[in-house]
Amino acid sequence: SIILIVCSFIISNQMSFLQKKNLGFNHDQVITVPLSSALTPPKVEELKNQLHQNANVIDVAASSFTPGSANWNQTVWWEGQSDPVSMFIISVDKDFLRTMNIDLTEGSLSQIESSQGTQYILNQSAVDLIGWEKAVGHSFSPFGENRKQPIAAVTSNFNFMSLHYQIAPLVLVISDDFALNHLSVKVVGGDFGNSITSIEDTYKKILGDVPFEYAFMDDHINQLYEKESRVKKVVSSLTFVTVLFALLGVYGLISFSIKNKTKEIAIRKVLGVSPRDLLVLFSKSYYQLMFIAFLISIPVVWKIMAEWLNNFSYKVDVNPFWFVMAFVVVMLAITFIGIIKFISLREINPAQALKNE
């Protein structure tokens, strides 16, 4: 029971950490809408312009980005490169950084939005891999050595993959040559139903009979940890059942011990021993067993949870406080059982008990 209680604490804390961690971009109140690959860049731009006129819409961006998606990985080139290196590539439009609220460590958002033609933007992890102190102005290309051009900006690192993985080197490519297959629409809070309806109306107005689909980016992020969510539910259920049976077992054992020693209890009561002292006498062995179980559980839980947490690059530490909490929970539960038995001990009549014996 102690093992399951501590495991449940750790899993719950890890899941809470995953939900609350700052991913480096704003995914709240963002609706993602899949776009057909047949849509031309001018048509996508027209759709974006119409959505910008919607009072429920704050910002709109088109990209190949959805959190956790594989994107694509290919060799890149830069000035002074010695060995071939691969990086992840995400194609975006000029509004992507502003819509997703991604910070820049080099370059400026206004310059990116006002520039024409293809632009390459690296994340900080890519710059660190290359070894540059300043990246803007250096020549770089993800599409062949002969297409190198100055880097436009550098973003701070953001978790474009799930938290199972470290932030990898990434290139954001702004180009009219790529079909962008996702629309990220940041909407005002409150009435999401009205916002979705108004977005759908605009979508159908521009694209006609093209099916409208949508999802909240928060839901998409939560799906990245669906397996862990199932583990949490299973462990929580097992913990409840196991603790319940363990406590019923303790209750039965204490009751059995008291029943078999009715004569001893009666004599002790005649000699002036209080019911409270009698309870301590008959339950202290269970506290000792619980302490032994607690000591055994520590290395077991530490090994199990360390292996489970190793699935994540970003994780909570195994905190000794959770072991103390489990210890206290079980102590309180056994004490509660003891209080119930304390009441029954007070009702024992020494004269009647000795007569029966």
Side-chain angles (χ1 to χ4, degrees), residues 18 21-25 27 37 41 61-94 96-98 100-109 111-113 115-182 184 221 224-225 306-307 309-315:
L18 294 176
K21 186 182 183 304
N22 181 5
L23 301 180
F25 65 94
H27 49 84
S37 58
S63 67
S64 64
F65 169 78
T66 52
S69 60
N71 302 293
W72 80 86
N73 189 304
Q74 65 185 42
T75 303
V76 297
W77 291 261
W78 65 83
E79 60 181 65
Q81 181 181 13
S82 56
D83 299 312
V85 172
S86 295
M87 294 184 183
F88 284 102
I89 313 292
I90 297 178
S91 53
V92 301
D93 66 7
K94 295 178 182 179
F96 178 77
L97 296 175
R98 184 184 66 252
M100 305 309 297
N101 197 27
I102 296 173
D103 294 330
L104 292 177
T105 57
E106 294 183 48
S108 69
L109 193 60
Q111 186 173 0
I112 292 171
E113 293 177 339
S115 298
Q116 301 298 319
T118 301
Q119 300 180 68
Y120 303 142
I121 301 170
L122 306 185
N123 71 349
Q124 189 60 51
S125 180
V127 175
D128 294 341
L129 176 66
I130 294 171
W132 289 329
E133 290 186 9
K134 295 290 183 181
V136 171
H138 283 284
S139 295
F140 181 91
S141 172
F143 305 118
E145 190 171 5
N146 60 340
R147 296 181 62 181
K148 288 202 293 281
Q149 66 181 55
I151 294 168
V154 177
T155 72
S156 58
N157 284 331
F158 63 95
N159 293 95
F160 60 97
M161 301 291 283
S162 79
L163 295 176
H164 293 94
Y165 308 100
Q166 289 283 351
I167 298 175
L170 172 70
V171 185
L172 300 178
V173 179
I174 300 175
S175 175
D176 294 334
D177 297 335
F178 299 106
L180 304 177
N181 54 14
H182 279 89
S184 298
I221 292 172
L224 300 176
Y225 313 108
E307 290 182 359
L309 288 171
N310 280 338
N311 293 315
F312 302 91
S313 291
Y314 302 89
K315 57 194 174 186

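Remember, predicted model here, so these are calculated numbers, not experimental data.
The aromatic rings of Phe178 and Phe143 sit tilted, their planes meeting at an angle between 30° and 60°.
In this structure, Tyr165 has its ring center at least 6.0 angstrom away from the ring center of Phe88.
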Evaluate side-chain contact (heavy atoms from CB on, under 4.5 Å) for Thr105 paired with Val127, printing each intermediate quantity in order.
CA-CA 11 Å; Thr105 57; Val127 175; over 6 Å; no

Taking it one step at a time, do Trp78 and His138 satisfy side-chain contact (heavy atoms from CB on, under 4.5 Å)? CA-CA 8 Å; Trp78 65 83; His138 283 284; over 6 Å; no

Original post:
Should Tyr314 and Ile167 be marked as a side-chain contact (heavy atoms from CB on, under 4.5 Å) after you check the CA-CA gap, both sets of side-chain angles, and the distance that decides it?
Top reply: CA-CA 10 Å; Tyr314 302 89; Ile167 298 175; 3.3 Å; yes

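Distance alone, capped at 3.5 Å, is enough to place a donor-acceptor pair between the Glu79 side chain and the Ser139 backbone. Side-chain atoms of Asn123 come within 3.5 Å of backbone N or O of Ala168 as a donor-acceptor pair. Without hydrogens or angle criteria, Glu113 side chain to Arg98 main chain gives no donor-acceptor distance under 3.5 Å. Proximity of a side-chain donor or acceptor of Glu106 to a complementary backbone N or O of Lys134 within less than 3.5 Å is not detected. Under the 3.5 Å distance criterion, the side-chain polar atoms of Lys94 are matched with a main-chain donor or acceptor of Ser115. Although no hydrogens or angles enter the test, the distance criterion places a donor-acceptor pair under 3.5 Å between the side chain of Asn22 and the main chain of Gly24.
Contact of the Ser184 side chain with the Met100 side chain is registered, since non-hydrogen atoms from C-beta on lie closer than 4.5 Å. In this structure, the side chains of Leu170 and Thr155 stay at 4.5 Å or more apart for every pair of heavy atoms. With contacts defined as side-chain heavy-atom distances shorter than 4.5 Å, the pair Pro142/Val173 qualifies. Considering only heavy atoms from C-beta on, Leu97 comes within 4.5 Å of Ile121 through its side chain. Side-chain contact between Lys315 and Leu163 is absent, with no heavy atoms from C-beta onward closer than 4.5 Å. Considering only heavy atoms from C-beta on, Asn157 stays 4.5 Å or farther from Gln166 through its side chain.
Of the options Phe160, Phe65, Phe25, a ring-ring contact (aromatic ring centres under 6.0 Å, His included) to Phe96 is made by Phe65 and by none of the others.
Taking each heavy atom of Pro169 and Ala126 in turn, the nearest pair found is CB-CA, 3.7 Å. The minimum heavy-atom distance linking Val136 with Gly107 is given by the pair CG2-N, 4.0 Å. Between Gly137 and Pro150, the shortest heavy-atom distance links the atoms O-CB, 3.9 Å. Of all heavy-atom pairs between Leu224 and His164, the closest is O-CE1, 3.8 Å. Closest of all the heavy-atom pairs between Asp93 and Ala62 is OD2-N, 2.8 Å. What you find for Ser175 and Thr118 is that their closest heavy atoms are OG-OG1, 3.4 Å.
Within 6.0 Å of the NZ atom in Lys21, the count of heavy atoms belonging to other residues, nucleotides or ligands exceeds 12. A 6.0 Å sphere centred on CD of Gln111 holds no more than 12 heavy atoms belonging to other residues, nucleotides or ligands. Shown here is Asn311, whose CG atom has more than 12 heavy atoms of other residues, nucleotides or ligands within 6.0 Å.
Here the CD atom belonging to Gln81 is positioned 10.0 Å from the OG atom belonging to Ser141, to the nearest 0.5 angstrom. With rounding to the nearest 0.5 angstrom, the CD1 atom of Ile112 is 5.0 Å from the CG atom of Leu104. Put simply, OG on Ser64 and CG on Leu172 are 9.0 Å apart, with the number rounded to the nearest 0.5 Å. We find the CG-OH distance between Leu18 and Tyr225 to be 5.5 Å, quoted to the nearest 0.5 Å. One finds the CD atom of Gln116 at 11.0 Å from the CD1 atom of Ile174 (value rounded to the nearest 0.5 Å). Here the CG-CD1 distance, from Leu180 to Ile90, works out to 11.5 Å after rounding to the nearest 0.5 Å.
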